[in-house]
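Here is the structure we will look at.
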Amino acid sequence: MRDEGQMAESQLSELRNMHVLLEEARMLARNLAYHRRARLEDVLEDVLGRALDEVDRQIEELRSSSRD
């Protein structure tokens, strides 16, 4: 049971790191699109937004399962 808790905590940490990286990618994509004035921003925003939603969902799932 203890190993499972450590594994869940490790996964949670990795997901949090992924969330930070995706937020940074989103910011860079916005800056790129601003400078290029391209439709690229919409595409990247959509892709990164979905990735962030999935990471957030997995974080919540891990939190709930660790409480059980």
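Model, not experiment: these values are computed from the prediction. If you read the sequence from its start, that first residue is 1, and numbering goes on from there.
- In this structure, CZ on Arg57 lies 9.5 Å from CG on Leu62, to the nearest 0.5 angstrom.
- To the nearest 0.5 Å, atom CZ of residue Arg16 and atom CD1 of residue Ile59 are 6.5 Å apart.
- Looking at heavy atoms from C-beta onward, His19 lies out of side-chain contact with Leu15 at the 4.5 angstrom threshold.
- Note on Glu60 versus Arg63: salt bridge recorded, some NZ/NE/NH1/NH2 to OD/OE distance being below 4.0 Å.
- For the atom pair Ser65 OG and Gln11 CD, the distance stands at 8.0 Å (nearest 0.5 Å).
- When atom types are taken as modelled, the side chain of Ser10 and the backbone of Gln6 share no donor-acceptor pair closer than 3.5 angstrom.
- Between Glu54 and Arg50 no salt bridge is recorded (no basic side-chain N to carboxylate O distance below 4.0 Å).
- Interatomic distance, CE of Met27 versus CG of Leu48, reported as 12.0 Å (0.5 Å rounding).
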